[in-house]
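One structure below.
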Amino acid sequence: MTLQSVLEDIRKRPGTGEVIPVIDPVTEEQITEFTDCGEDAVNEAVAAARTSFDSGIWHTMPGRERAKIMWRIADLMDEHAQELAELDSLNTGMPLAQAQMIVPTCAEFFRYYAGWCTKVHGSAYEVQMQGGVSGAYADMHAYTLKEPYGVVGLIFPWNGPVFNACAKIAPALAAGCSSVVKPAEETPLSALLLDRLIHEAGVPEGVVNLLTGYGHTAGAALTAHPDVEKIAFTGSTEVGKKIVEASAGNLKKVMLELGGKSPVLIFDDADLDMAIMMASMGIFVHSGQGCVCGSRIFVQRGVYERVVDGIATVANNLKLGGPKEDGSMIGPLISAKQLNRVMGYIHEGKSDGVEVVTGGHRLDRTGYFVHPTVLTNVDPATSRLYQEEIFGPVVTVLPFDSEDEAVALANDTSYGLAATAWTTNLSRAHRIAKRLQAGTVSLNCQLVFDHAVPFGGYKQSGWGHEFGREGVEAYMQTKSVWAQL
Ligand code: NAD
């Protein structure tokens, strides 16, 4: 399947809503377009998922057979890795090399979760209470079964299109669920190819159903649908709250992976060269469009000037550009809307007296590029750009004196997705790891990930976990069975 055929196929997808343009964020030109699928398509997709689930065609298939199909998906993704990478690179503007690095990791979601198809099980219990007709606890037996929820809706954003899709589809398949998948309206292209590969690998019809449409139309209809048992959502905290409200109709279960305003603490005993480089990349990579990006950096006073200068130097040396431009390290923001949002925060900060160490402006060229921006002299109590997730290449740097002050600053946020500490003091590192209110804490490292390690947010950064055993169990419910022997 060529890239061109994906661009053409998406135009042919049936729909009843608005025509949605797909824009190249590097050229600002339209790549292709598609029609919002509309509510009828949502109902059809949910009905197809329901029929496939009730037929048992997938969830009653022996785990080892489902695992083989999931391995085939991964193998097909490897075969089509270049096209998947090109589609994501074209659609998001990220450097092709970055997309090429990410796609194999995405394929591994299917191999990793293929293993769980044969390994998720319930438990048997030693019954402690007296009960049953005989009144003798020795005559009772209790055990649990792990069962797939049924029909699940998978909704995710544009910042890593293939990655976000695989992170949800693979565990849902391993659990035995039938799913309705809605990628972001900005980045539907790679999802089309992935959907093809999933079916080519042998996943039966109706088990995975792709919807292409807006969030407020297709996403909202899916979330409110009475025949969907669970929504797994990745996106903004704002939309996460809407998902919770819309789910109330049938009290469907909800898993949320939401936004962050992640702190990075740099102590004066840290390996400063490494800390400066990683803290810089930890916010500027992908133009800051990563949920775990460390957008609030706190530096111990004695090394504050050196770290601010170091981060500004890295920011000034990063080459921004499109996938086809030589030496591009960082791509653009995804859309004009996102560009306006990011620049809005920067303009507001400037008028509030924030000091711009570097950046603070859009590049003087075509494309939604914002110069990596380092801001100081920010008031944590009043500054919106300090308190709210910007999702752009914008970092605030503030000094601290003591460990207690650093922890207090780090935790002073409604978010709790990730946090980092740079220090060579081992005791302090682990002490801080316990005190930081975040679902993921990185010690002397940033931007780390493994399919096996659970990931989820504290506070308003989410509900539940993805990846690892928790990731597949998120798509399963627990049934307790009692038996009188
Ligand atoms: P968004 O919340 O606007 O959209 C995410 C998805 O939800 C899209 O597919 C969109 O179409 C859909 N959607 C929008 N409105 C909806 C509604 N009313 N009902 C149902 N679906 C709806 O997020 P975004 O701006 O596209 O993405 C950026 C956000 O995603 C950031 O906040 C970022 O932190 C977050 N994110 C979180 C993680 C994580 O794992 N915690 C990972 C990546 C991105």
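Everything numeric in this text was worked out from a predicted model, so none of it was measured. Residue numbers run from 1 in the order of the sequence given. Each ligand, and each atom within it, is numbered from 1 in the order the structure gives.
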Please confirm whether His347 and Tyr345 have ring centers closer than 6.0 angstrom. no
Taking distance alone, with N or O pairs closer than 3.5 Å, would you say Glu185 contacts ligand 1? yes
Below 3.5 angstrom, do we get any N/O pair linking Glu389 and ligand 1? yes
Set of residues satisfying side-chain contact (heavy atoms from CB on, under 4.5 Å) with respect to Gln98, sequence neighbours excluded: Met94, Pro95, Ile102, His286
Would Ser236 count as being in polar contact with ligand 1, using the rule that some N or O on each side must be under 3.5 angstrom apart? yes
Asn164 and its side-chain hydrogen bond (donor to acceptor under 3.5 Å, both in side chains) partner, picked from Thr187, Asn159, Thr234: Asn159
What residue pairs, at least two apart or across chains, pass salt bridge (Lys or Arg N to Asp or Glu O under 4.0 Å) with a residue in residues 457-468? Lys168-Glu466
Check for a donor-acceptor pair, side chain of Asn411 on one end and backbone N or O of Gln437 on the other, with a separation under 3.5 Å. yes
With distance as the sole test, does Ser383 use its side chain to make a donor-acceptor pair with the main-chain N or O of Pro380 at under 3.5 Å? no
Just distances here: any N/O of Gly213 and N/O of ligand 1 closer than 3.5 Å? no
Contacting atoms of ligand 1, where contact means under 4.0 angstrom from a heavy atom of Phe156: 6 (C), 8 (C), 9 (O)
Is Tyr214 in polar range of ligand 1, meaning some N or O pair under 3.5 Å apart? no
Does this structure show an ion pair linking Glu28 with Arg365, if we count only N-O contacts that are shorter than 4.0 Å? no
Gly462 to ligand 1, any heavy atom closer than 4.0 Å: no
In the complex you have, is atom 23 (O) of ligand 1 within reach of the protein, judged by whether a heavy-atom distance drops under 4.0 Å? yes
Looking only at distances, can you tell me whether any N or O atom of Trp158, backbone or side chain, sits closer than 3.5 Å to an N or O atom of ligand 1? yes
Closest to atom 13 (N) of ligand 1 by heavy-atom distance, out of Gly215, Gly153, Gly160, is Gly215
Using distance alone, decide if ligand 1 has a nitrogen or oxygen within less than 3.5 Å of any nitrogen or oxygen in Cys291. no
Is the closest heavy atom of Ala246 to ligand 1 under 4.0 Å? no
Any Lys/Arg nitrogen of Asp352 or Arg384 sitting under 4.0 Å from an Asp/Glu carboxylate oxygen of the other? no
Among protein heavy atoms, which lies nearest atom 28 (C) of ligand 1, and at what distance? Phe391 CE2, 3.5 Å
